[in-house]
Q: 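Once you've had a glance at the structure underneath, I'll fire off some questions.
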Amino acid sequence: MSQIRAKKVAVIEKRLSLMDLIWRVLLLLWCLSIIFPVIWILVQSLRTNADFFQNIWGLPVQIQWRNYYEAWTSYNIGKSMLNTLYYVGVGLALGTFLTALNAYALTRITFKGRKLIWSIIMLSLFLPGINALIPQYILMKTLHLTNSLTGLIVLDSLGENVFFLMLLGGFMSSLPKDLEESGYVDGATLFQVFWRIIVPLSTPGIVTVAIFKFLGLYNNFLGPFIYLSDPAKYTIGVNMYQANMRMSYTADWVTMFAGVMIVMVPSIIIYILFQRRIMEGATLGATKG
Amino acid sequence: MAAEVKKIAVSMRKRAGAGKVKRQKAVFLLIAIVPSFGGYLLFTLYPNILSIYYSLLNWDGLSEPKFVGFSNYIFMVSDQFVWRALYHNLLYMIVVPFAILIISLLLAYLLNNKPYRENGFYKVLYFFTNILSAVVVALLWSFIFDGSFGLLNGILELVGIPAGGYYWLGDTRTALWALVIPMVWGGVGLYAVIFMNAISGIPKSIYEAAIIEGARPMQILIKITIPLIRGVIRVCALFVVLGTIKGFEMIMIMTNGGPEGSTDVIGLYMFNMAFGKEYHNYGYASAIGMVLFVILVAAKLILDKYYPDEGVEY
């Protein structure tokens, strides 16, 4: 009797382990679909075009760091990285500061018209934005903000974002009221209370907002593509797009590969540093939005 | 005691410098509200309202705009390119969310409920594609799909299938479907993480009961896990569907609607009408934008209505 039972269990286990094998292969395949192309591009970016055209599977005979130098200079990645640094850096600092200030005012200070402001902001959840692209462009043109990185920063930093407001507002409204009052007793102004008490205590939320602003700005393609017409002002994304357009004439694959690797580096660094926060924040955004 | 002292101190200070405090508050609110909220009114709300008016114009951006009433909308009905683009949108709207949700549910379930050693690494890796920009994902997959030197043909030939320099994105038969892959590839990670969080909220005891009853893993996933996280799936479905209707960046970079318009979608058609290399028609593009706006809001309302969010109790 017990022998039969043991046999039965063994059969089930065998079946399960076969299924497990299939599942593990499946998981591995998805993993390879991500890692493999990246490694392939990395390896090919270190070969010469002639070698690559001959065999796309080959390993570098002699490592060609030249391709990276070439991408940085002749593809103008150096210049567009500087542009991106300015656009992302200033946009991030200004945008995060304004968002924190705004979230504080909208969640912790009572004033006339606050409810109205909130409900107007909530309207944005119903605005897909795509139909506003043209009037927005004309508006930016009238304000002389087109073809300018600063103009783009203005467009991207001034505005409301329900996700950020919820995230920061949630953080700030959980802080005890006493904190502010003790600040006022000590004679601090409203701005000092915000800067010295609220901001340090909301740092985790602010950092999450900053990370998402970074990803949004660094990955932004459509905005820079619409508004920047001068190649000397291109951000990295637009620059790579234009380089890829030119590639149909130049057929310079390895330099292009090197360029793509360079573009990925900042994303990879940010992801390694803030992986947990990015994943948590993204989940929050989807379940609350 | 201390709290009371504080209160008194606060009220004394309030009385002493009430005017000053009031002014200070007004200045603070001005700085805190006006740039963000004003920017929102100016750069978001105002253009949205203006887009209704723009859709009634005939305007190429250079000459004087001409008011033409509803003729842009009337022309749209007979514009076969609009219908073709909408048809592609419809296909994407069905295929892409379906693929993303199925794959991410399966991955999330496996990563959460199986004790494989490599799972921790996968959890981090799978999300990685979501932080890459559309440009990087699009370029990566353009390299993969290339006919002469692409990775896909290379792999096919390695396993003995002659690809014959087939351009996956250059042929009207495959371009539309080839684009589905990077869209799914770039989106699965996020939803897998969301589903993982939702699944880990389900009490273990429910699974144990099912395992004792002899349920198989697939049965557990379909009969227990999915019904229990229905609410989260619904929100995600809404997100992906709306994203597929209005998204066009990746398509623009990889094929720009070609070959022969076989990958054109409505957002891209509108975008090229407004900002493309050929002639511009701001009025007509705005009219298409308005239709897109209506479709998106309708899709949101329909999905909200027909996929009710029922509270789940464990």
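Sequence lines set the chain letters: A, B, ... in the order given, protein chains first and strands last, and positions in each chain run from 1.
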Q: If I take atom CZ from residue A:Arg24 and atom CG from residue B:Leu110, how far apart are they, to the nearest 0.5 angstrom?
A: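 Atom-to-atom, A:Arg24:CZ and B:Leu110:CG are 11.5 Å apart.
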Q: Measuring heavy-atom distances to chain A, does B:Met270 have an atom under 4.5 Å in its side chain, in its backbone, in both, or in neither?
A: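 Only the side chain of B:Met270 comes within 4.5 Å of chain A.
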Q: Compute whether any side-chain donor of one residue and acceptor of the other, for B:Tyr116 and A:Asp20, lie under 3.5 angstrom apart.
A: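 Side-chain D/A pair, B:Tyr116 to A:Asp20: present.
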Q: Heavy-atom distance under 4.5 Å to chain A: side chain of B:Ser286, backbone, both or neither?
A: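 Backbone plus side chain of B:Ser286, per the 4.5 Å heavy-atom cut-off to chain A.
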Q: Check each atom of B:Leu106 against the heavy atoms of chain A and say whether the ones under 4.5 Å are side chain, backbone, both or neither.
A: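 Looking at B:Leu106, just its side chain touches chain A.
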Q: Parallel, tilted or perpendicular, judged at 30° and 60°: which one describes the rings of B:Phe28 and A:Tyr104?
A: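 It falls in the perpendicular class, over 60°.
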Q: A:Trp57, A:Phe257, A:Phe36: which one forms the most heavy-atom pairs within less than 4.5 Å of chain B?
A: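 Top count of heavy-atom pairs under 4.5 Å with chain B: A:Trp57.
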Q: Does B:Lys25 qualify as a cation-pi partner of A:Phe111, given the criterion of NZ or CZ under 6.0 Å from the six-membered ring centre and within 45 degrees of its axis?
A: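 Verdict for A:Phe111: no cation-pi partner in B:Lys25.
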Q: Which answer fits B:Tyr54, side chain, backbone, both or neither, if we ask what part of it has an atom under 4.5 Å from a heavy atom of chain A?
A: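 Side chain of B:Tyr54 only, per the 4.5 Å heavy-atom cut-off to chain A.
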Q: What option among B:Leu158, B:Val291, B:Ile144, B:Ile52 has the most heavy-atom pairs under 4.5 Å with chain A?
A: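 Among B:Leu158, B:Val291, B:Ile144, B:Ile52, the one with the most close pairs to chain A is B:Leu158.
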Q: Could you have a look at A:Thr99, A:Val238, A:Leu143, A:Ile109 and say which one has the most heavy-atom pairs with chain B under 4.5 angstrom?
A: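 Ranked by heavy-atom pairs under 4.5 Å with chain B, first place is A:Ile109.
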Q: Please tell me if the side chains of A:Val263 and B:Val135 come closer than 4.5 Å, counting only heavy atoms from C-beta onward.
A: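 Result no, sub-4.5 Å side-chain heavy-atom pair not found.
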Q: So with a 6.0 Å cut-off around NZ of B:Lys277, is the heavy-atom count from everything else above 12?
A: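 Atom NZ in B:Lys277 is not crowded, with 12 or fewer foreign heavy atoms closer than 6.0 Å.
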Q: Is it the side chain or the backbone of A:Leu98 that comes within 4.5 Å of chain B heavy atoms, both, or neither?
A: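 Both parts, heavy atoms under 4.5 Å.
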Q: Given heavy-atom pairs under 4.5 angstrom as the criterion, report whether the side chain, backbone, both or neither of A:Leu222 touches chain B.
A: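 The answer is both parts of A:Leu222.
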Q: Just so I know, are the side chains of B:Trp185 and A:Ser33 near enough to count as touching, which here means a heavy-atom distance under 4.5 Å?
A: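 In contact.
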Q: For the interface with chain B, which of A:Ile236, A:Leu155, A:Asn102 has the highest count of heavy-atom pairs at distances below 4.5 Å?
A: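 Counting heavy-atom pairs under 4.5 Å, the top option is A:Asn102.
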Q: What do the steps show when you test B:Leu132 against A:Asn219 for side-chain contact (heavy atoms from CB on, under 4.5 Å), and what is the final call?
A: CA-CA 7 Å; B:Leu132 294 175; A:Asn219 291 344; 6.0 Å; no
Q: Report the relative orientation of the aromatic rings in A:Trp30 and B:Tyr126; use parallel for angles under 30°, tilted for 30 to 60°, perpendicular for over 60°.
A: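 It falls in the perpendicular class, over 60°.
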Q: To the nearest 0.5 Å, what is the distance between CZ (B:Phe37) and CD1 (A:Ile121)?
A: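 CD1 of A:Ile121 is found 5.5 Å from CZ of B:Phe37.
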Q: Run the side-chain contact (heavy atoms from CB on, under 4.5 Å) check on A:Met256 and B:Phe143 step by step: do they pass?
A: CA-CA 10 Å; A:Met256 194 66 203; B:Phe143 301 151; 3.7 Å; yes
Q: Highest number of heavy-atom pairs under 4.5 Å with chain B: which of A:Phe53, A:Tyr241, A:Phe97, A:Phe191?
A: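 Winner by heavy-atom pair count: A:Phe53.
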Q: Heavy-atom distances under 4.5 Å only: say whether B:Asn197 touches chain A with side chain, backbone, both or neither.
A: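 It is the side chain, since no backbone atom gets that close.
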Q: What residue in B:Leu140, B:Val124, B:Thr129 has the most heavy-atom pairs under 4.5 Å with chain A?
A: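 Most pairs with chain A among the choices: B:Val124.
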Q: List the atom of B:Gln24, the atom of A:Leu190, and the distance in Å for their closest heavy-atom pair.
A: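 Looking at all heavy atoms of both residues, the closest pair is OE1-N, 2.9 Å.
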Q: Check each atom of B:Leu238 against the heavy atoms of chain A and say whether the ones under 4.5 Å are side chain, backbone, both or neither.
A: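 Neither part; nothing is under 4.5 Å.
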Q: Counting heavy-atom pairs closer than 4.5 Å to chain B, which one of A:Phe126, A:Trp253, A:Tyr137 comes out on top?
A: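 Ranked by heavy-atom pairs under 4.5 Å with chain B, first place is A:Trp253.
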Q: Work out which heavy atom in B:Tyr40 is nearest to a heavy atom in A:Glu160; give both atom names and the distance.
A: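 Where B:Tyr40 meets A:Glu160 most closely, the heavy atoms are CB-CG, 3.5 Å.
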Q: Give the member of B:Val188, B:Leu111, B:Ile31, B:Thr44 that has the highest number of heavy-atom pairs under 4.5 Å with chain A.
A: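 With the most close heavy-atom pairs to chain A, the winner is B:Val188.
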Q: Counting only heavy atoms closer than 4.5 Å, note whether B:Asp146 contacts chain A via side chain, backbone, both or neither.
A: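 Contact with chain A involves the side chain of B:Asp146 alone.
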Q: Please classify the contact of A:Leu215 with chain B as side chain, backbone, both or neither, using a heavy-atom distance under 4.5 Å.
A: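 Side chain only.
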Q: Relative to chain A, which segment of B:Ile131 carries a heavy atom at a distance below 4.5 Å: side chain, backbone, both, or neither?
A: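 Both backbone and side chain.
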Q: Of all the heavy-atom pairs spanning A:Pro135 and B:Pro47, show the shortest one and how long it is.
A: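 Reported closest heavy-atom pair: CG-O, 3.4 Å.
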Q: Are any side-chain N or O atoms of A:Gln136 and backbone N or O atoms of B:Phe43, one a donor and one an acceptor, separated by less than 3.5 Å?
A: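 Confirmed, A:Gln136 side chain pairs with B:Phe43 backbone.
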Q: Heavy atoms only, distances under 4.5 angstrom: which of B:Asn256, B:Ile253, B:Ile49 has the most pairs with chain A? Name it, please.
A: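 Maximum pair count with chain A is reached by B:Ile253.
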Q: What part of B:Asn119 lies closer than 4.5 angstrom to a heavy atom of chain A: side chain, backbone, both or neither?
A: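 Side chain only.
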Q: Do B:Phe149 and A:Gln44 make a side-chain contact, defined as non-hydrogen atoms from C-beta onward lying under 4.5 Å apart?
A: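 Sidechains of A:Gln44 and B:Phe149: no contact.
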Q: Of the backbone (N, CA, C, O) and the side chain (C-beta and beyond), which part of A:Ser124 lies under 4.5 Å from a heavy atom of chain B, both, or neither?
A: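 Contact with chain B: backbone and side chain both.
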Q: Please report the interatomic distance CD1(B:Ile155) to CD1(A:Ile56), rounded to the nearest 0.5 Å.
A: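 One finds 8.0 Å between CD1 of B:Ile155 and CD1 of A:Ile56.
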Q: More than 12 foreign heavy atoms under 6.0 Å from CH2 of A:Trp195: is that the case here?
A: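 No, CH2 of A:Trp195 has 12 or fewer neighbouring heavy atoms, counting only those of other groups under 6.0 Å.
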Q: Quick check on A:Met264 against chain B: is it the side chain, the backbone, both or neither that has a heavy atom closer than 4.5 Å?
A: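 The side chain, not the backbone.
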Q: Which atoms of B:Leu296 come close to chain A, meaning under 4.5 Å heavy atom to heavy atom: side chain ones, backbone ones, both, or neither?
A: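 Only the side chain of B:Leu296 comes within 4.5 Å of chain A.
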Q: So which part of B:Phe271 gets closer than 4.5 Å to some heavy atom of chain A, the side chain, the backbone, both or neither?
A: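 Interface part for B:Phe271: side chain.
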Q: Look at A:Phe52, A:Phe221, A:Tyr218 and state which one has the largest set of heavy-atom pairs under 4.5 Å with chain B.
A: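 The candidate making the most pairs under 4.5 Å is A:Phe221.
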Q: Quick check for you: to the nearest 0.5 Å, what is the distance between B:Ile288 atom CD1 and A:Ile130 atom CD1?
A: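 CD1 of A:Ile130 is found 10.0 Å from CD1 of B:Ile288.
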Q: How long is the straight-line distance from CG of B:Leu41 back to CG of A:Leu158, given to the nearest 0.5 Å?
A: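 Rounded to the nearest 0.5 Å, the CG-CG separation comes to 11.5 Å.
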Q: Report yes if the distance between the aromatic ring centroids of A:Phe225 and B:Phe275 is under 6.0 Å, otherwise no.
A: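 No, ring centres 6.0 Å or more apart.
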Q: If you count heavy-atom pairs within less than 4.5 Å of chain A, which of B:Lys123, B:Glu249, B:Lys246, B:Met196 leads?
A: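 Heavy-atom pairs under 4.5 Å are most numerous for B:Glu249.
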Q: Side chain, backbone, both or neither: which part of B:Ile33 has a heavy atom under 4.5 Å from chain A?
A: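 Both parts, backbone and side chain.
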Q: Tell me, side chain or backbone of B:Val297 under 4.5 Å from chain A's heavy atoms, or both, or neither?
A: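 Just the side chain, heavy atoms under 4.5 Å.
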Q: Nearest 0.5 Å please: distance from the CD1 atom of A:Ile35 over to the CG atom of B:Leu125.
A: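 CG of B:Leu125 is found 5.0 Å from CD1 of A:Ile35.
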Q: Please check if the side chain of A:Trp23 supplies one atom and the backbone of B:Lys114 the other of a donor-acceptor pair under 3.5 Å.
A: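 Pair absent, no side-chain N/O of A:Trp23 close to backbone of B:Lys114.
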Q: Under a 4.5 Å heavy-atom cut-off, does chain A meet the side chain of B:Leu242, its backbone, both or neither?
A: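 For B:Leu242, there is no contact with chain A at all, as no heavy atom is under 4.5 Å.
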Q: Counting heavy-atom pairs under 4.5 Å with chain A, which one of B:Ala134, B:Ala138, B:Ser36, B:Gly38 comes out on top?
A: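 The answer is B:Ser36.
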